[in-house]
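Worksheet: the structure to be examined is printed underneath.
Each residue takes its place number in the sequence, starting with 1.
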Amino acid sequence: MANMAETTSAWNTTGLHVHRKSLLHMSFYWGHKSEILFSGWPGCNSGMYALALILVFALAMIVEWLSYCSIIKPGANKVAAGFFQTAMHTVRAGLSYMVMLAVMSFNGGVFLAAVFGHAIGFLVFGSKAFRKAEKVPDLPPRK
């Protein structure tokens, strides 16, 4: 199988044309040598790759928690509640985009971590299996 890393070219500050290796993949691959969310992270370190998978899993679970949590008390100030809902929606959207960008690394482990994070998050926070009462979530469903 061919090496999936691409060689990119650019001009450096002195005007010389340089080539460098990039961990850019355009199809799903399995392996711990990757870049997820940040340049050079987790790199080639297996421990950092495991940490990246845990982070993606946790982010996906937090997105599900924000989608189904009920923090605003009935009778709360409508303006304050509206600003709080807006802040929660903004955080949920930002975290959702971070999970999406992580999946766009095309790493199979990251994809599975995101899917399982959303699944476990829904099971715990959104399904009837663990809910004590029928609460109305503070945020409308994601589209």
Side-chain angles (χ1 to χ4, degrees), residues 1-14 18-143:
M1 181 179 273
N3 185 0
M4 296 301 286
E6 291 184 359
T7 301
T8 59
S9 63
W11 293 94
N12 67 11
T13 56
T14 61
V18 295
H19 295 281
R20 60 187 160 154
K21 282 276 200 183
S22 173
L23 293 174
L24 180 64
H25 295 270
M26 297 309 291
S27 61
F28 274 109
Y29 69 97
W30 299 94
H32 70 279
K33 296 178 182 178
S34 62
E35 284 188 358
I36 303 165
L37 295 177
F38 305 103
S39 179
W41 188 75
C44 297
N45 186 328
S46 297
M48 293 302 285
Y49 177 71
L51 179 65
L53 294 181
I54 292 168
L55 176 70
V56 170
F57 182 85
L59 286 176
M61 281 194 65
I62 292 169
V63 166
E64 292 300 324
W65 175 73
L66 286 171
S67 297
Y68 296 102
C69 71
S70 198
I71 298 174
I72 300 172
K73 304 291 181 209
N77 181 327
K78 289 185 185 282
V79 174
F83 280 114
F84 185 72
Q85 277 183 308
T86 302
M88 284 179 54
H89 174 75
T90 303
V91 170
R92 179 179 73 177
L95 293 177
S96 295
Y97 282 126
M98 284 189 72
V99 171
M100 178 199 63
L101 288 171
V103 169
M104 287 177 60
S105 70
F106 289 103
N107 183 282
V110 172
F111 175 75
L112 291 177
V115 169
F116 288 134
H118 281 295
I120 301 298
F122 178 81
L123 177 67
V124 172
F125 304 116
S127 74
K128 295 182 180 195
F130 291 99
R131 267 192 285 173
K132 293 179 175 60
E134 198 63 39
K135 291 183 180 178
V136 176
D138 290 336
L139 295 178
R142 290 174 288 156
K143 295 180 180 178

Discussion item. I need the full list of salt bridge (Lys or Arg N to Asp or Glu O under 4.0 Å) pairs touching residues 103-119, with sequence neighbours left out, sorted by first then second residue.
Written reply: none
Under 3.5 Å, side-chain donor or acceptor atoms of residues 111-129 against the rest of the protein: list the pairs with distances, not counting sequence neighbours.
residue	atom	partner	partner atom	Å
His118	ND1	Glu64	OE2	2.9
Ser127	OG	Leu123	O	2.6
Ser127	OG	Ala129	N	3.4

Item to complete: For Leu66, check side chain to side chain contact (heavy atoms under 4.5 Å, CB included) against everything at least two apart and list the hits.
Response: Ile62, Met88, Val91, Arg92, Leu95
Worksheet item: Residues two or more places apart in sequence or in another chain: which of them pass side-chain hydrogen bond (donor to acceptor under 3.5 Å, both in side chains) with Tyr49?
Response: Asn107
Discussion item. Enumerate the salt bridge (Lys or Arg N to Asp or Glu O under 4.0 Å) contacts for residues 36-57, please, sequence neighbours excluded, ordered by first and then second residue.
Written reply: none
Practice prompt. Heavy atoms only: give me the nearest Ala102-Ser105 pair and the separation to one decimal.
Written response: O-OG, 2.7 Å
Worksheet item: How long is the span from the CD1 atom in Ile36 to the CG atom in Leu51, to the nearest 0.5 Å?
Response: 10.0 Å
Discussion item. Looking at every heavy atom in both Ser96 and Val63, which two are closest together, and how far apart are they?
Written reply: OG-CG1, 3.4 Å
Worksheet item: When rounded to the nearest 0.5 angstrom, what distance separates CG in Leu55 from CE in Met98?
Response: 6.5 Å
Worksheet, complete the sentence: Tightest non-hydrogen contact, residues Leu59 and Val99, listed as CB-CG2, 3.7 Å
Return a table of donor-acceptor pairs under 3.5 angstrom between the side chains of residues 74-84 and protein atoms on other chains or two or more places apart.
residue	atom	partner	partner atom	Å
Asn77	OD1	Val79	N	2.9
Asn77	OD1	Ala80	N	3.4

